[in-house]
2 protein chains.
Amino acid sequence: MQQPYHLKAKHLVAIDDTVFGYENNELKLLLFKRNLEPAKGQWSLVGGWVDPDESCEDASCRVLTSITGLKNIFMEQVKVFSKPDRDPGGRVISVVFYALIDIQKHNHQLSDQFGAQWWPATKLPKLIFDHQEMVNCALNNLQIKASRDLVGRDLLPEEFTLTQLRQLYNSIFMKEFDPGNFRKKILSLNTLQRLDKKSKNGSKKGAYFYKFKDDKEELEFKERIVNI
Amino acid sequence: MQQPYHLKAKHLVAIDDTVFGYENNELKLLLFKRNLEPAKGQWSLVGGWVDPDESCEDASCRVLTSITGLKNIFMEQVKVFSKPDRDPGGRVISVVFYALIDIQKHNHQLSDQFGAQWWPATKLPKLIFDHQEMVNCALNNLQIKASRDLVGRDLLPEEFTLTQLRQLYNSIFMKEFDPGNFRKKILSLNTLQRLDKKSKNGSKKGAYFYKFKDDKEELEFKERIVNI
DNA sequence: TCAAAAGTGTTTTTTATACACCCATGC
DNA sequence: GCATGGGTGTATAAAAAACACTTTTGA
């Protein structure tokens, strides 16, 4: 079973990023018009090759930064897709990540230039190869993440209302959370700080803006936020 | 960003299996004495190379079968480990799986012959490279799995008592579950079938044997078994 | 004035936890 | 008879869900 390294087959290894953003009360996904064969012109996830001197995480960061202009993007591994025939263009092992970014902050010129486009997560075009399955897995991971950590930090603007946060959660879990119960749950976590400003966008009365407390990077003991 | 496939670097891709078993009320791990440099003679997970015509899952199955003699082993992906310097012997990207097997059923001659040995999960020797981190991730995945699915099917013998199942859960979660509450929870899932036999091993009174219902492969709507 | 979101409070239901207690039996 | 794990039931606590109600203000 164990043989010298140099005798073994080598593989092309790629990363594919499921990039989530949030805009107009909708969870969105950044998709690419593929510019090489096979399946040129069709929609796909953002991807790239893994270089000899970098980890898959490094490769994913590099690709994300090159497309959005952002650094320190939140990102987590999802799964490896490695069926020998998954890519008709050749045998490619792909490591999938999901990333969360603030649509407002990213460099639109840059992503436009790459032929990238934001799509509502619920209304995606047909994707190449196994990319739809990748998206499904990524969304699943995002839900697991959001069930234990408040994910708004990466998707919402600095300052946001609890209604905005709830609508984000609605779109991640594709269900309606009770406004009163959601509010109580979130505030009990003690990770948000209320500001002395009010948003007049959502209602006539106006809703307080909140922001994430700087210190509270991680909850010491992860309480469940939503049940899945 | 996107270039023809043939211009890109290729990588050695391996799989490493965290093989869990259960024996004498202990969760155990199958470890290998490594028989090639570097780190020859040290303990490691069971591993193997990914061949050109197989998926990582295929490679993992192949390796597991070659060592245990068993087929259709339960197995799930854990994570990819890909730091460029993680293996001093060369740049190897490793896809980690965890597997659950019935220690009684596997072929001992075969695993002995490979230099494999079962270790209590709580008392592992020092492992090579990043294998301890792999084990930690795998155990974490096993806990997540066991919190939603009854995992005894793969780790326990066909027929087992509820006390055995509880002790398995105790060792997976490294805590003591209340006997009465655990029993009620498990029976409420309706996935076990009581047999008309009693085990006299654990107690004087004797405890009913149970087995997994054949039909209930999957619960339609996954209820939580334990909270994590 | 009234519709609509913001925000607070209460009730009900469900689930988890703690633990009391009887049972059967080998010693 | 008594210690021991098996098995059942009950009381309590905590969490989730449902929903009533008050506030504010632009249209």
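Naming: A, B, ... by sequence-line order, numbering from 1 per chain. In this text, all values refer to a predicted model and were calculated from it rather than measured experimentally.
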Enquirer: So does B:Arg183 get a side-chain nitrogen or oxygen closer than 4.0 Å to the phosphate oxygens (OP1/OP2) of D:dT8?
Expert: yes

Enquirer: ring-ring contact (aromatic ring centres under 6.0 Å, His included) with A:Phe81: which residues, sequence neighbours excluded?
Expert: none

Enquirer: Suppose we screen for salt bridge (charged side-chain N to carboxylate O under 4.0 Å, His left out). Which residues come up paired with A:Asp87, at least two apart in sequence or across chains?
Expert: none

Enquirer: Among residues at least two apart in sequence or on other chains, which ones pass side chain to side chain contact (heavy atoms under 4.5 Å, CB included) with B:Thr65?
Expert: B:Lys71

Enquirer: Which pairs count as salt bridge (Lys or Arg N to Asp or Glu O under 4.0 Å) when at least one residue sits in residues 113-128 of chain B, sequence neighbours excluded?
Expert: B:Glu26-B:Lys123

Enquirer: Identify each donor-acceptor pair in which a side-chain atom of residues 204-211 of chain B lies under 3.5 Å from a protein atom, sequence neighbours left out, and give them as a table.
Expert:
none

Enquirer: Under 3.5 Å, which donor-acceptor pairs do the side chains of residues 175-183 of chain A form with other protein atoms, sequence neighbours left out?
Expert:
| residue | atom | partner | partner atom | Å |
| --- | --- | --- | --- | --- |
| A:Asp178 | OD1 | A:Gly180 | N | 3.0 |
| A:Asp178 | OD1 | A:Asn181 | N | 2.8 |

Enquirer: With sequence neighbours left out, write down each residue that passes salt bridge (charged side-chain N to carboxylate O under 4.0 Å, His left out) with A:Glu133, or none if nothing qualifies.
Expert: none

Enquirer: Using a heavy-atom cut-off of 4.0 Å across all strands, would you classify B:Thr161 as base, sugar-phosphate, or nothing?
Expert: nothing

Enquirer: 5' to 3' on DNA chain C, which nucleotides open and close the contacts with chain B (atom under 4.0 Å from a heavy atom)?
Expert: C:dA16 to C:dG26

Enquirer: Residues from residues 195-208 of chain A sitting under 4.0 Å of DNA chain D, heavy atoms only?
Expert: A:Lys200, A:Lys204, A:Lys205

Enquirer: Can you name the residues that form a salt bridge (charged side-chain N to carboxylate O under 4.0 Å, His left out) with B:Glu57, not counting sequence neighbours?
Expert: none

Enquirer: Quick one: list whatever passes salt bridge (charged side-chain N to carboxylate O under 4.0 Å, His left out) with B:Arg86, sequence neighbours left out.
Expert: B:Asp130

Enquirer: Do A:Asn190 and A:Lys213 have a side chain donor and acceptor closer than 3.5 Å?
Expert: yes

Enquirer: Walk along nucleotides 15-20 of chain D from 5' to 3' and tag each nucleotide B, S or - by protein heavy-atom contact under 4.0 Å, base first, then sugar-phosphate.
Expert: -SBBB-

